[in-house]
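A quick write-up on the structure given underneath.
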Amino acid sequence: MPTKPRTAVFFHAHPDDEALLTAGTMAMLAAEGHRVVLVVATAGERGLAEMGPGDELGETRLKELYTSAALLGCARVECLGYGDSGLSPQGGIAEERPDNAFIDADTDGAAGQLAAILKEEEADLLAIYDPAGGYGHPDHVQVHRVGRRAAEMAGTEIVLEATVNRDPLLKALKFAGRVYKFPPEFDPRTFESAYTPGDQITHRVNVRKYTKQKRASMAAHVTQASGGESDRTLAVMLKIPGPLYRLVFGTEWFVRRDVPPGTRLTHPFEQA
Ligand SMILES: [Zn+2]
């Protein structure tokens, strides 16, 4: 792999998204001597948590983000300061949302903010989400849109769409569902059309060496990793036993749109 240190910017919607989707790759790049920058669009102040939504939750979640970023070896963390758009009870766009909700942000305006960071960092790589926004949270779809535009504005060479290989995920959820009782807000069936089927994925990054950091990064998001009357998604993931955890979370998946479909790469900076 390249010896010259490069810079990778990971753009996420809310604190804790980095832990689930890209933590292993971030830890790996940092360990290899690359500069890793984490940018979130919102503080996640409308996420599910025992303390309820609001500014206090946002502040707490940003602190959790800094802890997670430190565990992963990030050199810089930025929050663009948009409002968490939240989710409707049915999982779509919430009708009531803050004035500065990320999904209502002007694409060019938000992209301009991110592009400024990309230029300042002379970023070689930007990681965003797939067009479906993974499991479909409106803020995640917006990360895709804004991220694409920002990379265009800044002329960032490599754009990777972080995703999940749907096939093993469904298998793991089936297993977990047999062993644990899922909380009411966690419906494993929603994953059947989420993320990306295996044949569209261009990058399979082996992060087994970094699953300890990944697990620690997940656990750092205390408000999301501990339950009240019911467990949050992260708490469910953290219950997956060690060997299966390494199997499920030991690989991270990305789609790079400017390489031929069917390309199989193993490192974010590898040339097709
Ligand atoms: Zn999120």
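Counting convention: from 1, in listed order, for ligands and their atoms alike.
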Practice task
Using distance alone, with no hydrogens and no angle criterion, decide if Y195 and Q200 have a side-chain donor and acceptor under 3.5 Å apart.
Solution key: no

Problem - D16 near the Zn ion (ligand 1): N/O/S under 2.8 Å - result: no

Handout entry: salt_bridge(K214, E18) N-O dist < 4.0 Å
Key = no

Practice task
Could you tell me whether E122 and R35 have a side-chain N and a carboxylate O separated by less than 4.0 Å?
Solution key: no

Exercise for the section: Determine, using ring centers only, whether H140 and H12 are less than 6.0 Å apart. Expected result: no

Handout entry: N, O or S atom within H14 nearest to the Zn ion (ligand 1), by name
Key = ND1

Practice task
Just to the nearest 10 degrees, tell me the angle at the Zn ion (ligand 1) spanned by H140 NE2 and D17 OD2.
Solution key: 100°

Exercise for the section: State whether H137 contributes an N/O/S atom found under 2.8 Å from the Zn ion (ligand 1). Expected result: no

Problem - Ion pair check, E252 and R204, cut-off under 4.0 Å - result: no

Exercise for the section: State whether H12 contributes an N/O/S atom found under 2.8 Å from the Zn ion (ligand 1). Expected result: no

